[in-house]
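Predicted model only: the values in this text are computed from it and were never measured. Ligands are counted one by one from 1 in listed order, and the atoms in each one are counted from 1 as well. Quick note: residue numbers are just sequence positions, from 1.
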Amino acid sequence: MTDMKLALLGRRGAGKSAVLVRFLTRRFIGEYASDANSLYHKRLSIDGRQLNLEVYDPCSQSSEARCILEEPVDWADGLVVVYDISDRTSFIDAQSILRQIREARTDNCKGESGVPVCLLGNKQDLCHARQVREDEGRRLAQESRCHFQEVSAAEGYHDIAGLFTRLIRRVMEH
Ligand code: GDP
């Protein structure tokens, strides 16, 4: 059994809990109590390997990007940065979070071998109210050398499951 730790980062309301609950339970829970730091556990098998996954949804009560970092960046083996495509402020927070992750990597002397990260543009179902273009998300991910995908926690399980599986594989190869 391999232990693996992932953390979700992003502005409050971006849908971190919804994304995580969708991944863990396959269900969409509209109003999840996301006012506390939450640690979730799941056992799963990927490529024949048994994993004991811990996922941390930290500090979601804060709208301050700054407070979220350091601790999860040091703690986690992989990070998911979430923004809401219908909320530009959440995208600006995601930019700031990715910058801080890069700086934390440099400080830790981990360089490019720092933890795998993926950037997630959530609430794709709200594309009629879109404030962040898909190519802006893609470009930010390229700059940060991380994987990017737009998803909807409200509408689908497969994209989100695929994204976590991909991140977990990258962590295993790391
Ligand atoms: P967190 O603060 O980042 O953990 O965000 P939550 O998971 O609590 O979600 C904030 C709000 O956005 C809640 O009202 C969710 O129901 C809603 N939400 C989350 N994901 C989606 C989505 O993919 N589409 C839509 N339309 N709403 C979503």
With side chains defined as the heavy atoms from C-beta onward, is the minimum distance between Gln149 and Arg166 less than 4.5 Å?
no
Return yes if some donor-acceptor pair links the side-chain N/O of Asn122 with the main-chain N/O of Ala14 below 3.5 Å, else return no.
yes
Take every heavy atom of Gly10, measure it against each atom of ligand 1, and state whether any distance is under 4.0 Å.
no
As an exercise, identify every atom of ligand 1 less than 4.0 angstrom from a heavy atom of Leu126.
26 (N)
Return yes when atom NE2 of His158 has more than 12 non-hydrogen atoms of other residues, nucleotides or ligands closer than 6.0 Å, and no otherwise.
no
Hits for side chain to side chain donor-acceptor pair (under 3.5 Å) against Arg99, two or more places apart or cross-chain, chain-then-number order -> none
Got Leu119 and Val81 here, is their nearest side-chain heavy-atom distance under 4.5 Å?
yes
Ligand 1 atoms in contact with Ser152 (distance to a heavy atom under 4.0 Å)
23 (O)
When the ring planes of Phe91 and Tyr83 are compared, do they come out parallel, tilted or perpendicular, using 30° and 60° as the limits?
perpendicular
Would you mind running through ligand 1 and noting each atom that sits below 4.0 Å from a heavy atom of Asp125?
22 (C), 23 (O), 24 (N), 25 (C), 26 (N)
Would you say Val151 and ligand 1 have an N/O pair spaced under 3.5 Å apart?
no
At under 4.0 Å between heavy atoms, which part of Val82 makes contact with ligand 1: side chain, backbone, both or neither?
neither
Sub-4.0 Å heavy-atom approach of Arg11 to ligand 1:
yes
Would one find an N or O of Arg12, backbone or side chain, under 3.5 Å from an N or O of ligand 1?
no
Relative to the heavy atoms of Ala18, which atoms of ligand 1 are at a distance of less than 4.0 Å?
7 (O), 19 (C), 20 (N)
Taking only heavy atoms of Lys16 into account, list the atoms of ligand 1 that are under 4.0 Å away from them.
1 (P), 2 (O), 3 (O), 4 (O), 5 (O), 7 (O)
Go through ligand 1 atom by atom and flag the ones less than 4.0 Å from a non-hydrogen atom of Gly13.
1 (P), 2 (O), 3 (O), 5 (O), 10 (C), 12 (O)
Determine whether Leu51 and Leu24 fall in the same hydrophobic cluster, where Ile, Leu, Val, Met, Phe, Trp and Tyr are linked whenever their side-chain heavy atoms lie under 4.5 Å apart.
yes
Indicate if Val132 and Phe148 have the same hydrophobic cluster label, given that clusters are the connected sets of ILVMFWY residues with side-chain heavy-atom separations under 4.5 angstrom.
yes
Does any N/O atom on Gln124 come nearer than 3.5 Å to any N/O atom on ligand 1?
no
